[in-house]
Amino acid sequence: AALGCALLLPAALGQGCPGPCRCLSLPEPGALLVDCSSRGLRSVPAVPRRARRLLLHNNSLAAVPAGALDRLPHLRHLQLADNPWRCDCGIRYLQLWLQDFSPPALAALRCASPAPLAAKPLAQLAGGDLGGCARLPPPNCLQFFWRDLVLLAGAVITLLLAAGALKLSKRLVCQLTLRRRLGRSIPKTR
């Protein structure tokens with residue numbers, strides 16, 4: 001029991017826990033429970049990347065900015081119920097993200113506005129329900145482009161260095177072989 005209590009002690013200060021939230025260490029090394037529930041939040045706070053569980057239920061969230069949840073690679077559990085979701089073009093990111101992450105979590109969310117969509121489950125929203133929304137742009141496209149460009153340049157440089165090392169090693173092997181052969185056939189004279 002003492003070990004279980006020790007694992008749920010508040011995470012060390014300065015590890016990026018958002019001000020209005022409470023962060024607790026989980027049994028998995030480095031994993032966090034980030035509890036931002038019932039805080040009256042109108043926007044999603046900057047959640048630490050180590051978050052494994054994120055509680056955002058019972059707040060005043062109307063939407064989640066595109067890309068906000070993509071920065072949480074270790075997230076396994078998310079609670080978003082009891083928020084006044086505004087079902088317009090801004091909800092499309094959350095809807096698509098939850099379709100992949102947790103269809104049951106998506107099924108639990110309902111629109112609060114606009115009036116024609118009030119109480120409709122987000123999972124049942126179709127493109128026509130959201131009006132003339134433009135296609136959702138991929139978040140941080142330029143960031144992915146530069147990252148991929150740097151990785152490609154690194155791979156090319158590595159291949160060039162490996163080719164140069166191979167060529168140099170062949171040259172050295174040839175020189176050593178030639179010296180050995182010449183050394184045996186030419187008698188040494190003093």
Side-chain angles (χ1 to χ4, degrees), residues 7 10-36 39 41-56 59 61-80 83 85-106 109 122-123 125 127 130 132-176:
L7 294 174
L13 294 175
Q15 292 191 359
C17 192
C21 305
R22 186 176 67 144
C23 294
L24 302 172
S25 295
L26 291 173
E28 299 92 6
L32 288 178
L33 162 69
V34 181
D35 184 357
C36 300
R39 304 284 200 267
L41 299 177
R42 293 185 177 277
S43 62
V44 177
V47 177
R49 290 180 52 86
R50 301 181 308 133
R52 181 77 45 117
R53 297 174 54 89
L54 177 58
L55 309 179
L56 289 167
N59 278 296
L61 300 174
V64 173
L69 299 172
D70 297 336
R71 294 184 285 262
L72 303 174
H74 306 291
L75 192 64
R76 298 293 173 264
H77 177 80
L78 176 64
Q79 286 185 2
L80 292 165
N83 280 292
W85 300 109
R86 185 179 57 251
C87 294
D88 58 11
C89 293
I91 202 71
R92 193 78 174 125
Y93 164 77
L94 180 62
Q95 182 190 32
L96 294 173
W97 192 88
L98 282 173
Q99 280 176 353
D100 291 336
F101 181 76
S102 174
L106 176 61
L109 303 184
L122 264 66
L125 290 178
L130 301 177
C133 293
R135 189 167 173 254
L136 183 70
N140 302 326
C141 261
L142 199 54
Q143 174 190 7
F144 292 123
F145 170 76
W146 289 113
R147 182 203 63 196
D148 292 346
L149 186 62
V150 167
L151 289 173
L152 183 61
V156 168
I157 290 170
T158 302
L159 286 174
L160 290 174
L161 289 173
L166 183 61
K167 187 174 181 179
L168 181 63
S169 68
K170 280 185 179 180
R171 182 179 296 157
L172 289 174
V173 168
C174 287
Q175 286 176 357
L176 287 174

Nearest-0.5 Å distance that lies between atom [atom1] in [X] and atom [atom2] in [Y]:
X: Leu33; Y: Glu28; atom1: CG; atom2: CD; result: 10.5 Å
X: Arg50; Y: Ser25; atom1: CZ; atom2: OG; result: 6.5 Å
X: Leu32; Y: Leu26; atom1: CG; atom2: CG; result: 7.0 Å
X: Leu54; Y: Cys36; atom1: CG; atom2: SG; result: 6.0 Å
X: Leu72; Y: Leu78; atom1: CG; atom2: CG; result: 8.5 Å
X: Leu122; Y: Ile91; atom1: CG; atom2: CD1; result: 5.0 Å

Answer yes or no: is there a donor N or O on one side and an acceptor on the other, between the side chain of Asn59 and the main chain of Arg39, under 3.5 Å?
yes

Search all heavy atoms of Pro73 against all heavy atoms of Arg49 and return the closest pair with its distance.
CG-NH2, 3.5 Å

Looking at Asn83 and Leu61, what are the two nearest heavy atoms and their distance?
OD1-N, 3.1 Å

Suppose we screen for side-chain contact (heavy atoms from CB on, under 4.5 Å). Which residues come up paired with [X], at least two apart in sequence or across chains?
X: Pro18; answer: Pro20, Cys21, Cys23, Val34, Pro45, Pro48
X: His77; answer: Arg53, Leu55, Gln79
X: Leu176; answer: none

Please enumerate all residues that pass side-chain hydrogen bond (donor to acceptor under 3.5 Å, both in side chains) together with Asp35, with sequence neighbours excluded.
Ser37

Contacts of type side-chain hydrogen bond (donor to acceptor under 3.5 Å, both in side chains), residue Arg86, not counting sequence neighbours
Asp88

Under 3.5 Å, which donor-acceptor pairs link side chains of residues 98-105 to any protein atom two or more places apart or in another chain?
{"unit_1": "Ser102", "atom_1": "OG", "unit_2": "Ala105", "atom_2": "N", "d": "3.2"}

All N/O donor-acceptor pairs, side-chain side in residues 156-165, below 3.5 Å, sequence neighbours left out:
{"unit_1": "Thr158", "atom_1": "OG1", "unit_2": "Gly154", "atom_2": "O", "d": "2.8"}

Should the heavy atoms of other residues, nucleotides or ligands under 6.0 Å from CZ of Arg42 be counted, would the total exceed 12?
no

Can you check side-chain contact (heavy atoms from CB on, under 4.5 Å) on Leu94 and Leu69, steps first, answer last?
CA-CA 9 Å; Leu94 180 62; Leu69 299 172; 4.0 Å; yes

